[in-house]
Amino acid sequence: MQWYFVALLLTFLTSSQGILTTLSQSNGKYLYDYATVPFLAEVFKLVLSSLLVWRECQISPSTRMTTEWKSVRLYVVPSIIYLIHNNVQFATLTYVDASTYQIMGNLKIVTTGILFRLFLRRRLSNLQWMAIILLAVGTTTSQVKGCGEASCDSLFAAPIQGYMLGAVSACLSALAGVYTEFLMKKNNDSLYWQNVQLYTFGSIFNLARLVLDDYRGGYENGSWWQRLFNGYSITTWMVVLNLGSTGLLVSWLMKYADNIVKVYATSMAMLLTMVWSVYLFSFKPTLQLFLGIIICMMSLHMYFAPPNMLLDLPTQVRAAPESLKEVTVERRTDS
């Protein structure tokens, strides 16, 4: 399977995730416990990956699976990073509004490129660095509202703590992605076996969150297993399947492509979501949205296009060799 096909599918699923989540609401409210969605998505990924690795072992008994604890324990790190990241997100939102936080989130595009270079030792050309910065500028441009709106004035009015926490959040998000790519590529283990380890710890941490929510709420709504499927509809199950499928595609890209491909796929998904919102939710398109789309498309072309398509180099014409003249040399013999 080609990486660009997987990236395109990831873009489509990621863009539809926000649409499905909105459609799963009833009168602007969730009838289900939203914390159960990522837990069920992790369980879905774990079950599917377990079935795939079992099938792979049946077909090829020589399937490589590293089972030493010193290797398995490394897969707990992404879950810990995401746990810290989620708490930093909530802390950031206490200082900045949602619009400012969304714009600041684009910083993870640049931090991913920096950590990609520092930790994975992957060299990026100057043109690719320019493309990454253009991608961050394009996504930010598409999210900036008109200067006549109140949110425009609040963009630079937040306390310094909000910007610092936003930068930390961007670094943690990039670190989780880069570390996951490191895990996926550090050996030749089966992708499905690596997913089993990754999603086992993911399920445990999401379960721990449900238990903690019960404890904080004083078990007012009962235990988590009693309300696990309460309020679920077909659309809610589609959200779970979408979230789980997106995670599987991301792990594939981490194994066979890289973090930059994932960043482009998710950034393009955000723009696609805005376009879909125009038709589904009467979202009014803005000039900033069109400009952002144009900038992101330019960035996409700059990063992935071959250099000969980006530089208009003059064609060097080789001069035809001069015709050789036949020279007759007379040889005299003195008698």
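The chain is numbered in sequence order, starting from 1.
Through direct or relayed side-chain contacts under 4.5 Å between Ile, Leu, Val, Met, Phe, Trp and Tyr, L20 connects to Y30, Y32, Y34, V37, F39, L40, V43, V47, L51, L207, L210, V211, W224, W225, L228, F229, Y232, I234, W237, M238, V239, V240, L243. When hydrophobic side chains of Ile, Leu, Val, Met, Phe, Trp and Tyr are connected at separations under 4.5 Å, M298 ends up clustered with I294.
Ring centroids of F304 and W3 are separated by less than 6.0 Å, placing the two rings close together.
Other residues, nucleotides and ligands contribute only 12 or fewer heavy atoms inside 6.0 Å of the CZ atom of R55. Sparse packing is recorded around CZ of R123, with 12 or fewer heavy atoms of other residues, nucleotides or ligands lying under 6.0 Å away. Counting non-hydrogen atoms of neighbouring residues, nucleotides and ligands closer than 6.0 angstrom, the CZ atom of F205 exceeds 12 such neighbours. Around atom NZ of K108, no more than 12 heavy atoms belonging to other residues, nucleotides or ligands sit under 6.0 Å away. Other residues, nucleotides and ligands place more than 12 heavy atoms under 6.0 Å from the CD atom of Q58. At most 12 heavy atoms of other shown residues, nucleotides or ligands fall within 6.0 angstrom of atom OH in Y4.
S169 and Q89 share no donor-acceptor pair across their side chains, judged by distance under 3.5 Å alone. With hydrogens and angles left out, the side-chain atoms of T236 and S233 include a donor and acceptor closer than 3.5 Å. Of the N and O atoms on the side chains of D189 and T66, at least one donor lies less than 3.5 Å from an acceptor on the other residue.
At a threshold of 4.0 Å, the pair E181-K186 does not count as salt-bridged, since none of the basic side-chain nitrogens sits closer than that to a carboxylate oxygen. Ionic pairing of R227 and D214 is present here: one or more N-O contacts between side-chain nitrogen and carboxylate oxygen are shorter than 4.0 angstrom.
In this structure, Y82 is not a member of the same hydrophobic cluster as F201, with clusters built from ILVMFWY side-chain heavy atoms closer than 4.5 Å. In the hydrophobic cluster analysis, where Ile, Leu, Val, Met, Phe, Trp and Tyr join through side-chain heavy atoms closer than 4.5 angstrom, I80 is grouped together with F182. A continuous path of Ile, Leu, Val, Met, Phe, Trp and Tyr side chains, each step under 4.5 Å between heavy atoms, connects L172 with L118, placing both in one hydrophobic cluster.
The closest side-chain heavy-atom distance from Y256 to L191 is below 4.5 Å. Taking the side chain as every heavy atom from C-beta outward, S267 and V263 approach each other to under 4.5 Å.
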E56 and S190: CA distance, side-chain angles, deciding distance, side chain to side chain donor-acceptor pair (under 3.5 Å) verdict: CA-CA 9 Å; E56 190 176 30; S190 165; 2.4 Å; yes
From CA spacing to verdict: side-chain contact (heavy atoms from CB on, under 4.5 Å), L183, Q197: CA-CA 11 Å; L183 285 180; Q197 299 171 84; over 6 Å; no
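Ring geometry for Y264 versus Y303: interplanar angle of 30 to 60°, hence tilted.
Contacts of L31 classified as side chain to side chain contact (heavy atoms under 4.5 Å, CB included), with partners at least two apart in sequence or in another chain: S26.
Residues P159 and Y163 come closest through the heavy atom pair O-CD1, 3.4 Å.
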